[in-house]
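Structure, as structure tokens:
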Amino acid sequence: MVTLYSSPAKPTQLDRVLKAVGDPTRRQILDLLAEQDLPVGRIAQKFKMSRPAVIKHLQILHSAKLVNVRPDGRERIQSLNAAPLQAADAWLARFESFWESSLSKLKHQIEHTP
Amino acid sequence: MKSIKKEILINAPASKVWEHITDPAKIATWFTPMDFAPKVGHHFTLNSKCGGGLSCVVQEVVPQRKLVYTFPIADFKIDTLVTFTLEQSGAATKLTLLHTGFDQLTAAQMAEVAPKYDGGWGTYLPQLQAQAAEPTLATAKA
């Protein structure tokens, strides 16, 4: 694990994911793509942003592998790749295991004390 | 998964289970020390390992049947709801715990704070790395 921190010159995949989700506009783009795949132009419309500005955000999302691209005629369709975001599930799963262990302690406490 | 639901069958009457979820001395034995009182509107502080004291408020109290209180998620300044429901049948009581309100958060937001709750990257870092390395497994659940 430690070795991950010893090469600051080259960003790791995790660094890219964190950089990508660290920006509110990019999080909104991810939320938008969670609903449907969209071409660049439609994303730009939704955000009232210039096309180059959207492309810049998308490039960061691509490098984090959070968004995939496929060509469709002259358009480039952007789609969400949620796998790196399974960290979110991990977060909720922590609450879940917290409650699980608390409740089993509760059961034990009640059933084994007079 | 936008809410958490847990059910557990306890071999005791609902009155005894109720005591354990509402009496501060008893709560401390299975949960965490907190200045709880089963009164609607009561403010209490729950000690958490990661976020210090969490300010909660009792929302609903139906003795031996239902208890609801707020549970703040400090990182996002939002409140979630924790509901305990008790149903006695015979000598046993079914306790259902429902933790709701996570739908206020997006997946990206949750991913952003996940590491803090992990006490480090330990648990899911290997997962992220594996996913990064194996894009074909992208949709597989870990």
Side-chain angles (χ1 to χ4, degrees), chain A residues 1-2 4-5 12-35 61 63-66 68 79-114, chain B residues 1-12 16-17 19-21 26-27 29-32 48 50 71 73 80 82 93 95 97 99 102 105-118 120-135 137-142:
Chain A
M1 222 46 82
V2 177
L4 283 167
Y5 300 101
T12 63
Q13 177 59 17
L14 179 63
D15 291 332
R16 292 189 196 100
V17 171
L18 292 177
K19 182 187 176 189
V21 299
D23 174 87
T25 303
R26 287 194 288 276
R27 290 201 293 273
Q28 283 171 23
I29 293 175
L30 291 174
D31 290 336
L32 200 61
L33 294 177
E35 288 166 23
L61 291 166
S63 78
K65 297 193 170 76
L66 287 167
N68 295 330
S79 65
L80 179 71
N81 172 27
L85 291 177
Q86 278 177 5
D89 287 345
W91 184 69
L92 269 187
R94 267 189 65 81
F95 273 101
E96 203 167 10
S97 65
F98 160 75
W99 283 120
E100 212 164 82
S101 74
S102 294
L103 292 181
S104 76
K105 265 189 245 168
L106 170 68
K107 178 180 163 74
H108 187 266
Q109 194 66 29
I110 293 175
E111 293 179 353
H112 296 87
T113 51
Chain B
M1 182 173 62
K2 293 291 187 179
S3 63
I4 293 166
K5 188 179 180 182
K6 292 277 157 206
E7 286 179 353
I8 193 164
L9 194 68
I10 300 172
N11 292 310
K16 195 171 179 184
V17 178
E19 262 175 46
H20 279 77
I21 63 172
K26 293 200 162 77
I27 296 169
T29 64
W30 65 274
F31 194 7
T32 178
S48 79
C50 43
F71 188 104
I73 307 296
T80 53
V82 175
T93 301
L95 184 154
L97 175 122
H99 194 166
F102 296 106
L105 302 173
T106 65
Q109 279 179 308
M110 286 189 260
E112 196 191 355
V113 297
K116 286 178 69 172
Y117 289 79
D118 235 18
W121 300 103
T123 308
Y124 77 93
L125 184 54
Q127 215 180 317
L128 272 179
Q129 287 178 313
Q131 282 153 5
E134 297 252 20
L137 295 176
T139 52
K141 277 277 170 188

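Everything quoted here is computed from the prediction, not taken from an experiment. Labels below follow one simple rule: chain letters A, B, ... track the order of the sequence lines, proteins then strands, and each chain is numbered from 1.
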For B:Phe31 and A:Phe98, take the angle between the two ring planes, folded into 0 to 90°, and tell me which bin it lands in: parallel under 30, tilted 30 to 60, perpendicular over 60.
tilted
Judged by atom type as modelled, is there a donor-acceptor pair below 3.5 Å linking the side chain of A:Lys105 to the main-chain atoms of B:Thr29?
no
Starting at CH2 of B:Trp30, measure out to CD1 of A:Ile110 and round the result to the nearest 0.5 Å.
8.5 Å
Got a second to check how far B:Lys6's NZ is from A:Ser102's OG, nearest 0.5 Å?
11.5 Å
Check against side chain to side chain contact (heavy atoms under 4.5 Å, CB included), B:Leu95 and A:Leu106:
CA-CA 10 Å; B:Leu95 184 154; A:Leu106 170 68; 3.5 Å; yes
Qualifying residue, where the test is side chain to side chain contact (heavy atoms under 4.5 Å, CB included) with B:Ile10 and the options are A:Glu111, A:His108, A:Gln109:
A:Glu111
Tell me which of these, B:Asn11, B:Val82, B:Ile8, has more heavy-atom pairs under 4.5 Å with chain A than the rest.
B:Asn11
